[in-house]
**Q** 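Quick one: the structure is below, and I'll ask about it shortly.
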There are 2 protein chains.
Amino acid sequence: MALRHAVLAALLDGEFSGYQLTKIFDVGVSDFWYATPQQLYAELAKMETDGLLTGRRVVQRGRPDKRVFTVTGAGLAELAAFAAAPAKPLLIRDDLIVKVHACDLLAPGPLIAQLQERAAEAAAKLELFGKMLLRLRGELEEEEFLRRGERVGPYLTCLGGLRLERQMHEWCLQTARTLSERAVRDGTAQDESAQQEKGALS
Amino acid sequence: MALRHAVLAALLDGEFSGYQLTKIFDVGVSDFWYATPQQLYAELAKMETDGLLTGRRVVQRGRPDKRVFTVTGAGLAELAAFAAAPAKPLLIRDDLIVKVHACDLLAPGPLIAQLQERAAEAAAKLELFGKMLLRLRGELEEEEFLRRGERVGPYLTCLGGLRLERQMHEWCLQTARTLSERAVRDGTAQDESAQQEKGALS
DNA sequence: CTAGTCATGTAATCCGTTACATGATTAT
DNA sequence: ATAATCATGTAACGGATTACATGACTAG
């Protein structure tokens, strides 16, 4: 029961449909959670049954109708109870870090490529978060907004996401550089036979 | 099928028993993965059946016997295949960030306390990772070790963990400070009735 | 002699992922 | 026409968490 709290938090920013929430959770906005569409549709149905949300049908022209959800009083109470309870420890699961951990026994080529790819993704998110921060604080300066803004929650999490992506970007590039240099030292990165001798597995 | 690759990577650092691995995965060493004991014992059994690992009984004096595991050739092949396949996107799930996202509608007191607690945990991990880096690189300087060390994988992931914890530490403290200042502005943090008026939920 | 650590599991339940399924509308 | 986007689900499977269970030994 943890996705539901993320959904409640997301719905504080406005009314959203299941589809809109899939977009929000797919990007993992501000890196605060991730969920698949199937999870969301199922959870939304359950939450409505449990009285935490109310759905409202919105007729659209040119597009299929959608049902947007609003947090109820019971939903807010659930969120408050969640906030008061001790937080579970941060959960991270990352294939890439596992691969780097094992990098001394692996072919360096694919790993370096994946690190650079991840760095590029991080850079894209950095830009996104930067724009988001601008949008959220409007005309105010950051300090001013954090002191007197009405809704700073999304801004603070976005700042966290920005920091995370910045450090991810740097780490990936630095790690890729280190592995490249070592590959060169061992007899050029693309030379497969040289790596076989060193014990790398294709 | 992702835990098994993390187990394989961990077992590159030496022979470990299920119990030892629970310690490693419980701390979430270098923040690279997390798993419960039950998950590990089940997965180790399956991996042995699948021929990725071999177990060896170690008789101890003063302590119960243990079974330590070693990666087989098939295990290394599995790891190589995993490394060559595209990595799944980073998965983060964090209660605290969800709470901060909703902070404008919540009582600030408990949230601030939890942010400070998390900051303390991050500081503890920072120290741990610092010591670990020293131990891993021995007498060499970092640059030198990264260029010529034999096993840099754990070092690189540890560097990543260090960066992550450093940024987590800073973000938690900064966010706690921001929320504290806002709480004061609204009529002192511990004054429950004042928050009720503002709309905060206890 | 009590609490804590070492050591290993089973069972039930819950959560999450993958695959499948449908259908309208808009832009090319 | 065809692909892409909007919109919402079901079903099956596999992975993860929680609760339960056991037992030896060590340090206070």
Side-chain angles (χ1 to χ4, degrees), chain A residues 1-8 15-28 32-50 53 55-69 82 85-95 98, chain B residues 1-8 15-28 33-50 52-53 55-69 82 85-95 98:
Chain A
M1 294 281 168
L3 173 59
R4 57 176 49 196
H5 302 120
V7 169
L8 289 169
E15 289 183 325
F16 296 112
S17 67
Y19 188 77
Q20 288 175 298
L21 285 170
T22 63
K23 297 296 156 191
I24 292 169
F25 279 79
D26 177 39
V27 183
F32 87 82
W33 208 269
Y34 165 83
T36 60
Q38 293 73 15
Q39 251 180 298
L40 281 166
Y41 282 114
E43 192 63 30
L44 285 169
K46 240 189 289 173
M47 289 171 78
E48 199 179 11
T49 306
D50 296 350
L53 304 176
R56 191 168 64 80
R57 174 150 242 102
V58 174
V59 181
Q60 303 179 107
R61 355 164 248 157
R63 288 182 190 180
D65 294 0
K66 63 180 177 182
R67 294 196 71 222
V68 296
F69 295 93
F82 164 70
K88 286 196 192 157
L90 169 69
L91 175 70
I92 296 190
R93 276 177 186 158
D94 189 358
D95 281 9
V98 174
Chain B
M1 294 282 166
L3 173 58
R4 56 176 50 197
H5 303 119
V7 170
L8 289 169
E15 290 184 324
F16 295 113
S17 67
Y19 188 77
Q20 288 176 299
L21 285 170
T22 63
K23 297 297 155 187
I24 293 169
F25 278 79
D26 177 40
V27 183
W33 208 267
Y34 166 84
T36 60
Q38 292 74 16
Q39 252 179 297
L40 280 166
Y41 282 114
E43 191 64 29
L44 284 169
K46 239 190 288 174
M47 289 171 77
E48 198 179 11
T49 305
D50 295 350
L52 306 178
L53 304 176
R56 190 168 66 80
R57 175 150 239 101
V58 173
V59 182
Q60 301 178 110
R61 353 164 247 156
R63 287 181 191 182
D65 294 0
K66 64 181 178 183
R67 293 196 72 223
V68 295
F69 296 91
F82 163 70
K88 287 197 191 154
L90 170 67
L91 174 70
I92 295 189
R93 276 176 187 159
D94 189 0
D95 281 9
V98 174

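Note on naming: letters A, B, ... go to the chains in the order of the sequence lines (proteins, then strands), and numbering restarts at 1 for each one. Since this is a predicted model, take the numbers as computed values, not measurements. Side-chain atoms are counted along with the backbone in the values below, which use heavy atoms only and exclude waters and symmetry mates.
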**Q** B:Thr36 has a side chain; which of C:dT17, D:dC6, D:dT17 sits nearest to it?
**A**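 So the side chain of B:Thr36 is nearest to D:dT17.
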
**Q** Considering non-hydrogen atoms only, spot the tightest contact between B:His5 and A:Val98 and give its length.
**A** O-CG1, 3.6 Å

**Q** Between B:Gln60 and B:Leu91, which is nearer to the 5' end of DNA chain C once each is assigned its nearest nucleotide?
**A**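 It is B:Gln60, whose closest nucleotide lies nearer the 5' terminus.
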
**Q** Check the distance between C:dT8's P and B:Phe16's CZ and give it to me in whole angstrom.
**A**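 In whole Å, C:dT8 P lies 14 Å from B:Phe16 CZ.
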
**Q** Need to verify one output field. Residue with the more 5' nearest nucleotide on DNA chain C, A:Lys46 or B:Val68?
**A** B:Val68

**Q** Under 3.5 Å, is there any donor-acceptor pair linking the side chain of A:Gln38 to the base of C:dG16?
**A** no

**Q** Given D:dT18, is OP1 or OP2 found less than 4.0 Å from the side-chain N or O atoms of B:Gln39?
**A** no

**Q** Specify the separation, in whole Å, of atom NE2 of A:His5 and atom P of C:dC15.
**A** 11 Å

**Q** Which of these nucleotides, C:dT8, C:dA24, D:dT17, is closest to any side-chain atom of A:Pro64?
**A** C:dA24

**Q** In this structure, how many angstroms lie between the P atom of C:dT8 and the CZ atom of B:Arg56, rounded?
**A** 13 Å

**Q** B:Arg93 CZ to D:dA16 P: how many Å, rounded?
**A**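 Spelled out: CZ on B:Arg93 to P on D:dA16 is 11 Å.
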
**Q** More 5' along DNA chain D: B:Arg63 or A:Lys88, using each one's nearest nucleotide?
**A** A:Lys88

**Q** Is the shortest heavy-atom distance from the side chain of B:Arg93 to the side chain of A:Trp33 under 4.5 Å?
**A** yes

**Q** Does this structure show an ion pair linking A:Lys88 with B:Asp95, if we count only N-O contacts that are shorter than 4.0 Å?
**A** no

**Q** Nearest whole angstrom, please: distance from the C1' of C:dG9 to the CZ of B:Phe69.
**A** 12 Å

**Q** Specify the separation, in whole Å, of atom OH of B:Tyr41 and atom P of C:dT8.
**A**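 B:Tyr41 atom OH is separated from C:dT8 atom P by 4 Å.
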
**Q** Contact class for A:Ser17 vs. all strands (heavy atom < 4.0 Å): base, sugar-phosphate, or nothing?
**A**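 Here A:Ser17 touches the backbone only, sparing every base.
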
**Q** Would you mind reporting whether A:Glu15 and A:Val58 have side-chain heavy atoms less than 4.5 Å apart?
**A**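 Result no, sub-4.5 Å side-chain heavy-atom pair not found.
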
**Q** Do you know which two heavy atoms are closest between A:Gly18 and A:Leu44, and how far apart they sit?
**A** CA-CD1, 3.5 Å

**Q** Is the distance from OP1 or OP2 of D:dC6 to the nearest side-chain N or O of A:Tyr19 less than 4.0 Å?
**A**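 For A:Tyr19, the contact criterion (side-chain N or O under 4.0 Å from OP1 or OP2 of D:dC6) is met.
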
**Q** In whole angstrom, give the distance that lies between atom CG of B:Asp65 and atom P of C:dT8.
**A** 9 Å

**Q** Please state how far atom CG in A:Asp26 lies from atom P in D:dC6, giving the value in whole angstrom units.
**A** 12 Å

